[in-house]
Amino acid sequence: MASESHENVSGFIIQGFSDTPQLHISLFVLFLIIYLIILLGNLITFLVISWNPHLHTPMYIFLQNLSFIDISSTSNILPNLLHILLTQQNNISFLGCLTQMYIFVSLASSEYILLVAMSYDRYVAICDPLHYITRMSRKHCDWLITASYTVGFVDSVGHVVLISKLSYCASHLLNHFFCDVAPLLKLTCSSTFSVEILFYIVGIFLVFNSFLLTLISYIFIISAILKIQSSEGRQKVFSTCASHLTCVITLYVTVICLYMRPTKSYSLERDKYFSLLYIILGPVLNPFIYTMKNKEFQSSFIKMSRRILFNLVNHSR
């Protein structure tokens, strides 16, 4: 991608949590359990929605794609972290580092847009229910999902191209547990002005606009809920969007604290743990938040489980 960079560096050493070697085994077990919980919870969500045609509605299709993003984003980072903790082999090639960063940024960008689509779905369902079928048809739903991934993966190309052209003549020790933008910029001896400008432009265009559109949707949603006379009715309607609102708040608070500030103010030691929280919190909580009180999903899950057990019993005979 950039010959200049390869003349300076062939790869990086991911520091990870090497400052606490006595905790490596404990951290390995902890992160392995977390990763398995993420895989199990999101895979169940994905498969149940795929299995039951009655769940092929916009809300569940969006949720299915959110589960796919959560599985993909954590699988991009946690297996390599587990490998480092277990084997102490913490080298990563220059191309491998850029690939990991590209996938991370692309999936994160796609998630912001997908959450906007989910808030729009709730807005139409609550504020304009008579036109819901028309405005949230399968065609429109597929278009929103395609737009989410397209914008996310195209948007991230600029970051990778600019970072690949930087010269890395300082230490090759990456003070993080994966290849993220900020720790990479700390290692370069080139000017990072163009990368930071692009970062803030994209941040304003993507993150801020996504947040703004989601906020506007919820202003209309809350306004419509307050017009409902019975408290039981208000509570019932609000429960349909409470889970999404919780996930949105969690995501935007962490991303603003992590990334929307000058690189000079970054503390890599502190932000390393905030990044870990950002990466695992949503994927761990989302399946539980969206499905724990969802009777329709739980019913489908029980039916699918019984079908699988029935088939296994018959097959064993």
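Values below: every heavy atom of this structure, side chains too, minus hydrogens, waters and symmetry copies. Residue numbers start at 1 and run along the sequence shown.
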Quiz prompt | Aromatic plane relationship, Phe17 with Phe177 - under 30° parallel, 30 to 60° tilted, over 60° perpendicular | solution =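 Aromatic pair Phe177/Phe17 classed parallel.
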Taking [atom1] in [X] as the centre, count heavy atoms belonging to other residues, nucleotides or ligands within less than 6.0 Å. Is the count above 12?
X      : atom1 : answer
Leu86  : CG    : yes
Phe28  : CZ    : yes
Trp143 : CH2   : no
Phe301 : CZ    : no

Practice problem: For the pair His244 and Tyr218, evaluate ring pair (Phe, Tyr, Trp, His ring centres under 6.0 Å) and give the outcome as yes or no after the intermediate values. | Solution: CA-CA 11 Å; His244 175 257; Tyr218 272 99; 5.7 Å; yes
Practice problem: Check the pair Leu107 / Phe153 against side-chain contact (heavy atoms from CB on, under 4.5 Å), numbers first and verdict last. | Solution: CA-CA 7 Å; Leu107 290 171; Phe153 279 83; 3.9 Å; yes
Exercise. Just do the side-chain contact (heavy atoms from CB on, under 4.5 Å) check on Tyr149 and Phe68 with the steps written out, would you?
Key: CA-CA 12 Å; Tyr149 289 114; Phe68 172 76; 3.4 Å; yes
Less than 4.5 Å apart, any side-chain heavy atom of [X] and any of [Y]?
X      : Y      : result
Leu213 : Tyr120 : no
Phe178 : Ile14  : no
Phe12  : Leu187 : yes

Quiz item: Could you go step by step and tell me if Asn52 and Tyr60 meet the side-chain contact (heavy atoms from CB on, under 4.5 Å) rule?
Solution: CA-CA 11 Å; Asn52 189 351; Tyr60 288 108; over 6 Å; no
Exercise. State, without any angle test, whether Ser75 and Tyr35 hold a side-chain donor-acceptor pair at a distance under 3.5 Å.
Key: yes
Practice problem: Answer yes if the side chains of Asp128 and Tyr123 hold a donor-acceptor pair under 3.5 Å, and no otherwise. | Solution: no
Among [options], find the residue that satisfies the side chain to side chain contact (heavy atoms under 4.5 Å, CB included) test when tested with [X].
X      : options                        : value
Phe31  : Leu36, Thr74, Leu276           : Leu276
Ile113 : Asn209, Ile145, Val151, Asp155 : Val151
Pro183 : Gln15, His176, Met101          : His176

Quiz item: Are Val48 and Ile44 close enough, and set up right, to give a side-chain contact (heavy atoms from CB on, under 4.5 Å), and what steps lead you there?
Solution: CA-CA 6 Å; Val48 169; Ile44 287 174; 4.0 Å; yes
Exercise. Test side-chain hydrogen bond (donor to acceptor under 3.5 Å, both in side chains) on His54 and Glu296 and set out the steps.
Key: CA-CA 9 Å; His54 296 294; Glu296 189 177 18; over 6 Å; no
Quiz prompt | Residues that Arg138 engages under salt bridge (Lys or Arg N to Asp or Glu O under 4.0 Å), provided they are two or more places apart | solution = Asp142
